[in-house]
Every structure is written in structure tokens, then in C-alpha cells.
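For reference, the structure discussed in these notes is given below.
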Number of protein chains: 2
Amino acid sequence: MNAPALTKNQALVFEVLEKADGPLSAYTILDKLRDHGFRAPLQVYRALEKLLEYGVVHRLESINAFVACAHPDQNCHSHGIVAFAICESCGHVMEFHDHEVDHRLMDWTRRKKFKAEKTTIEIRGLCEACAA
Amino acid sequence: MNAPALTKNQALVFEVLEKADGPLSAYTILDKLRDHGFRAPLQVYRALEKLLEYGVVHRLESINAFVACAHPDQNCHSHGIVAFAICESCGHVMEFHDHEVDHRLMDWTRRKKFKAEKTTIEIRGLCEACAA
DNA sequence: ATTGCACACGTTATAGCATAACGCAATTGA
DNA sequence: TCAATTGCGTTATGCTATAACGTGTGCAAT
């Protein structure tokens with residue numbers, strides 16, 4: 001799914017996520033956009049839905065938050081499974097890919113004839129700076 | 001963390017999860033236990049907190065639900081990372097472990113000096129029966 | 001024995017996350 | 001032109017999770 005031009009709301013939400021230095025909840029995004037006319041959660045969720053579809057934003061399931069993709073230039077959906085390391089102290093998120101992990105998980109699903117749609121890998125802990 | 005004897009509430013919640021053939025939300029558990037005197041979400045969440053700690057229950061982050069561990073006989077915490085495949089049609093959950101995946105993720109965290117506390121791997125899709 | 005502590009529990013209230021359902025406006029394409 | 005699609009705004013609601021308070025019980029140290 002490649003990204004067509006963003007609508008106004010989508011662009012506003014994406015901009016907020018890009019400028020943030022960490023994941024944001026939908027309601028935090030809403031608060032940051034009240035000055036731009038946002039009034040209700042649905043305005044945010046609807047924009048997020050599209051941005052997720054386009055692959056330019058990721059949802060962090062374990063903390064109910066959203067981040068801009070770390071390399072939005074390329075199509076993130078083509079990199080295989082995306083994994084995240086989330087620092088529980090400073091909130092910083094690192095995004096990475098590991099083809100061997102993808103391979104092992106795909107192996108398992110093939111053996112079990114499980115049709116995978118969406119895979120979540122999230123490591124929560126402390127980043128180097130915070131663990132010190 | 002090995003499991004001491006469960007308290008009454010913990011035992012009730014665990015029993016409900018064991019009997020269920022899929023993951024349950026905290027509020028679904030609450031409803032199933034109203035006849036046993038449960039009145040408030042906290043009674044469920046407090047029990048779940050302990051059961052998670054003992055490793056006899058898992059939380060599925062991507063669907064905000066809980067399942068009994070697939071092999072509660074052993075200490076699940078000693079198996080490395082637990083991965084789940086969740087069927088979005090029938091709700092069935094398969095639990096598995098893959099040491100090579102663990103290894104790759106630990107490799108990454110070691111390189112990045114990231115101190116992992118809890119890792120989530122969840123594959124959502126369709127099980128063999130539902131994909132047919 | 002009494003005191004102090006830890007822990008489970010119960011209750012009320014509230015916070016935080018997400019979607020249903022309605023209607024309107026603009027766009028597109030048959 | 002008409003129908004279908006898509007985005008948008010609004011109100012209301014539902015689901016998920018925790019804060020804050022108080023009670024009771026068991027147990028260990030003095």
C-alpha cells in the first residue's frame with residue numbers, strides 16, 4: 001500500500017508524530033491539534049487508520065500509542081516484520097528488522113498453515129542511557 | 001517466580017481462563033464471576049496481576065485479553081520468549097516458543113545495550129480451519 | 001500478648017483508549 | 001445527472017485500566 005497525498009487531517013496527525021521524539025497516544029495527539037480545529041478522538045483515529053494503512057505510522061500495541069515510521073522514505077511494508085524496542089523510562093523507541101526472525105516465524109506459520117496478517121514484536125525495557 | 005497457593009479470587013479467575021477455549025477480556029471474566037461475588041474490575045485485575053507474575057496466565061497485548069498458559073505444569077517463564085498466533089476469526093490462540101527467535105532478539109538487544117524486560121510476539125491472522 | 005507489617009480484598013470513583021451511528025460535503029466516474 | 005465513495009464533524013457510548021480509600025487477616029519480632 002503506497003501513500004497517496006495526505007488529506008489535511010492526516011497530514012496534521014503525521015506531522016505531530018514526526019515531530020515528537022517518542023510514541024504518542026491518540027488523545028495526546030488530539031490535544032496537540034486542538035488549536036488546529038480538532039475536537040474529537042475520531043478525527044485522530046480516522047487519520048491514524050489511513051496512516052497505518054499507508055505504512056508511514058506504526059501502532060505500538062503494548063502501550064496503546066503511535067509512532068512515525070523510522071524510515072518513511074521507503075515503503076515500510078516491504079521490509080518484513082517490524083520490531084520495536086521501547087524504553088519504559090525515557091519513552092524512546094527503536095525500530096528494527098530482522099530477516100532471520102521473520103524467517104523463523106514464517107516457518108512456524110507455514111507448518112501450522114496459519115495465515116498471518118499482522119505480526120507484532122515489541123521489546124519493553126530500558127535503553128542504554130536509562131539502564132546506566 | 002514460582003506460583004504459591006492461589007487465593008480464592010486468583011483461583012476463580014484462573015479457573016475461568018482454563019475452562020475458556022480462547023482469550024478473555026478482564027470484563028468478560030468479571031461477568032463470568034458475578035455469581036461468585038465479583039462486583040468490580042479491580043477484583044479481576046488484581047488476580048490477573050498475580051497470575052501473570054506467577055507465569056500461569058499470559059496477556060495478549062494486541063487484543064487486550066488474557067489466556068491461561070498452554071503448559072502450566074512447567075514454569076513458563078523458563079521457556080524464553082513466548083509467542084502467540086491468534087486467529088481473528090475463531091479466537092483460538094496457539095502458544096509457541098522459538099529459541100532462534102529469542103537468540104536473534106537477544107543479540108539485537110545486546111548490541112544496542114538495551115535491557116529487555118518483557119517481549120511480546122503476537123501473530124494475528126487466520127488459523128488453518130478458518131482460512132479454508 | 002501486643003504491636004507492626006504485608007497482603008489480599010472490597011468499594012467508589014475516575015482516567016484512558018476506542019468506536020458506533022448519524023448526517024453533510026466534495027469528488028469521481030458511469 | 002445520478003450513484004458510489006471518501007473524508008469530515010459531532011454526539012454519544014462502550015471498553016479497558018487504575019487511583020485512592022478503607023477493612024480484615026495472618027504472621028513475625030519484640
Side-chain angles (χ1 to χ4, degrees), chain A residues 1-17 20 22-54 56-67 86 88 91 118 120 122 124, chain B residues 1-17 20 22-54 56-67 86 88 91 118 120 122 124:
Chain A
M1 175 67 65
N2 229 345
L6 300 182
T7 67
K8 185 159 175 288
N9 283 5
Q10 289 160 18
L12 285 167
V13 168
F14 183 60
E15 197 181 324
V16 166
L17 282 174
L24 301 178
S25 78
Y27 278 72
T28 302
I29 296 171
L30 173 58
D31 286 339
K32 287 181 182 294
L33 288 175
R34 289 203 188 274
D35 294 344
H36 291 78
F38 275 49
R39 313 286 309 276
L42 260 189
Q43 296 175 278
V44 176
Y45 282 108
R46 289 205 271 231
L48 286 172
E49 186 180 11
K50 288 298 179 187
L51 295 171
L52 290 168
E53 193 180 312
Y54 303 153
V56 296
V57 161
H58 300 293
R59 177 196 183 93
L60 302 176
E61 310 274 5
S62 64
I63 58 172
N64 296 317
F66 304 84
V67 279
I86 307 167
E88 294 182 311
K118 173 87 170 66
T120 297
E122 296 178 15
R124 291 182 304 299
Chain B
M1 174 70 63
N2 231 345
L6 299 182
T7 67
K8 184 157 175 289
N9 283 6
Q10 288 160 18
L12 284 168
V13 168
F14 184 60
E15 197 181 324
V16 166
L17 282 174
L24 300 178
S25 78
Y27 280 73
T28 302
I29 297 171
L30 173 59
D31 286 339
K32 287 182 182 294
L33 288 175
R34 289 204 188 273
D35 294 345
H36 291 78
F38 274 50
R39 314 286 308 276
L42 257 190
Q43 296 175 277
V44 176
Y45 281 108
R46 288 206 271 232
L48 285 172
E49 186 179 12
K50 288 300 179 183
L51 294 170
L52 290 167
E53 193 179 312
Y54 303 154
V56 297
V57 161
H58 300 292
R59 177 195 184 93
L60 301 177
E61 310 275 5
S62 65
I63 58 173
N64 296 315
F66 303 84
V67 280
I86 306 166
E88 293 182 312
K118 174 87 171 65
T120 297
E122 297 177 16
R124 292 182 301 300

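Per chain, numbering begins at 1; letters A, B, ... match sequence-line order.
- Taking 4.5 Å as the limit, every side-chain heavy atom of B:Asn64 sits out of range of all side-chain heavy atoms of B:Leu60.
- A 4.5 Å side-chain heavy-atom check between B:Phe66 and B:Leu24 finds every atom pair outside the cut-off.
- Under the 3.5 Å distance criterion, with hydrogens and angles disregarded, a donor-acceptor pair is assigned to the side chains of A:Ser62 and A:Glu122.
- For A:Gln10 and D:dC8, the CD to C1' distance is 11 Å, given to the nearest whole Å.
- The distance from atom CG of A:Leu6 to atom P of D:dT6 is 16 Å, rounded to the nearest whole Å.
- Across the protein-nucleic acid pair, B:Leu30 atom CG and D:dT18 atom C1' stand 15 Å apart, rounded to whole Å.
- Annotation: side chain of B:Phe38 is not in contact with side chain of B:Asp31 (no heavy-atom distance under 4.5 Å).
- In this structure, CZ in B:Phe14 is found 12.5 Å from OH in B:Tyr54, a value given to the nearest 0.5 Å.
- Annotation: salt bridge (Lys or Arg N to Asp or Glu O under 4.0 Å) contacts of A:Arg59 (sequence neighbours excluded): A:Glu61.
- Considering B:Val56, B:Leu12, B:Ile29 in turn, B:Ile29 is the only one that fulfils the side-chain contact (heavy atoms from CB on, under 4.5 Å) rule with B:Leu17.
- Atom NZ in B:Lys8 sits roughly 15 Å away from atom P in D:dT25 (whole-Å rounding).
- If you measure from atom CG of A:Leu33 to atom P of D:dG9, you get 11 Å, rounded to the nearest angstrom.
- Although no hydrogens or angles enter the test, the distance criterion places no donor-acceptor pair under 3.5 Å between the side chain of A:Glu88 and the main chain of A:Arg124.
- Of the side-chain N and O atoms in A:Thr7, one or more sit less than 4.0 angstrom from OP1 or OP2 of D:dC8.
- Atom pair B:Arg46:CZ and D:dA19:C1' shows a separation of 11 Å (rounding to whole Å applied).
- Here chain B contacts DNA chain C (any atom closer than 4.0 Å to a heavy atom, that is under 4.0 Å), and the contacts span C:dA8 to C:dT12 from 5' to 3'.
- By the salt bridge (Lys or Arg N to Asp or Glu O under 4.0 Å) test, B:Lys50 is found to be paired with B:Glu53, residues two or more places apart in sequence or in another chain being considered.
- Straight-line distance from the OH atom of B:Tyr27 to the C1' atom of D:dA17: 6 Å, rounded to whole Å.
- Mapped onto DNA chain C by nearest heavy atom, B:Ala47 and A:Ala65 fall at different nucleotides, with B:Ala47 at the one closer to the 5' end.
- Between the OG1 atom in B:Thr28 and the NZ atom in B:Lys32 there is a gap of 7.5 Å [rounded to 0.5 Å].
- Remark: A:Glu15 engages A:Lys19 in a salt bridge (Lys or Arg N to Asp or Glu O under 4.0 Å) (not counting sequence neighbours).
- Residues from residues 38-45 of chain B with heavy atoms under 4.0 angstrom of DNA chain C, sorted by number: B:Arg39, B:Ala40, B:Leu42, B:Gln43.
- Taking CG of B:Leu51 as the start and CG of B:Leu6 as the end, the distance is 6.0 Å to the nearest 0.5 Å.
- Contact check, A:Asn64 against D:dA17: no side-chain N or O comes under 4.0 Å of OP1 or OP2.
- The side chain of A:Lys50 places an N or O atom within less than 4.0 Å of a non-bridging phosphate oxygen (OP1 or OP2) of D:dG7.
- An angle of 30°, rounded to 10°, separates the two end axes of the helix from C:dA1-D:dT30 to C:dA30-D:dT1, each defined over five pairs.
- Between the CG atom of B:Leu52 and the C1' atom of D:dA17 there is a distance of 13 Å, rounded to whole Å.
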